[in-house]
Amino acid sequence: MDLYIPIIVLGVLAFVFAAGSVLMASMTGPKRWNRARLDAYECGIEPTPQPVGGGRFPIKYYLTAMLFIVFDIEIIFLYPWAVAFDSLGIFGLVEMVLFILTVLVAYAYIWRRGGLEWD
């Protein structure tokens, strides 16, 4: 249990700092409410009206998100492999080449289908 005490203390300090910051900001900050402050802000332009149930997003939005996740996961796997490259030997090299080829096949498929073009 002695090993976990620094982690618990750090967690408690982080919570106290976050809660204290929010509390102090609400107590000391200005409280001037007006219509412009309560409106939605869209980069300095007038907000566009939205349907009641929300708007529909184009499929390219989701394809881009999935593409980001695929390459993010690839990077997450490449860092530990690069650190332990010497100890993995030829087996680790072959496995990583197969993994990168799999990701490149997905990338080529999306590229061929036009998923990277923003028309």
State which residues pass side chain to side chain contact (heavy atoms under 4.5 Å, CB included) with Asp72; sequence neighbours excluded, sorted by chain then number. Phe68, Ile76
Which residue pairs satisfy the ring-ring contact (aromatic ring centres under 6.0 Å, His included) criterion with at least one member in residues 3-31, sequence neighbours excluded? none
For Ile73, which of Ile69, Val70, Ile75 qualifies under side chain to side chain contact (heavy atoms under 4.5 Å, CB included)? Ile69
Side-chain heavy atoms under 4.5 Å apart, restricted to Ile/Leu/Val/Met/Phe/Trp/Tyr: what other residues fall into the cluster of Val22, or is it alone? none
Is it true that, when you exclude Phe71 itself, more than 12 heavy atoms of the residues, nucleotides or ligands shown sit nearer than 6.0 Å to its CZ? yes
List the atom pairs, with distances to 0.1 Å, where a side-chain N or O of residues 88-113 and a protein N or O form a donor-acceptor pair under 3.5 Å, not counting sequence neighbours.
from	atom 1	to	atom 2	distance (Å)
Thr102	OG1	Leu98	O	2.8

Taking ring pair (Phe, Tyr, Trp, His ring centres under 6.0 Å) as the definition, give me every residue that meets it alongside Phe85, ordered by chain and number, with sequence neighbours left out. Trp81
How does the hydrophobic cluster around Met27 look, that is, which other residues are in it when side-chain heavy atoms under 4.5 Å mark a link? Leu23, Met24
Output the rest of the hydrophobic cluster of Leu10: all Ile, Leu, Val, Met, Phe, Trp and Tyr residues reachable through side-chain heavy-atom contacts under 4.5 Å, sorted by chain and number. none
Residues in side chain to side chain contact (heavy atoms under 4.5 Å, CB included) contact with Ile5, at least two apart in sequence or another chain: Asp2, Val9
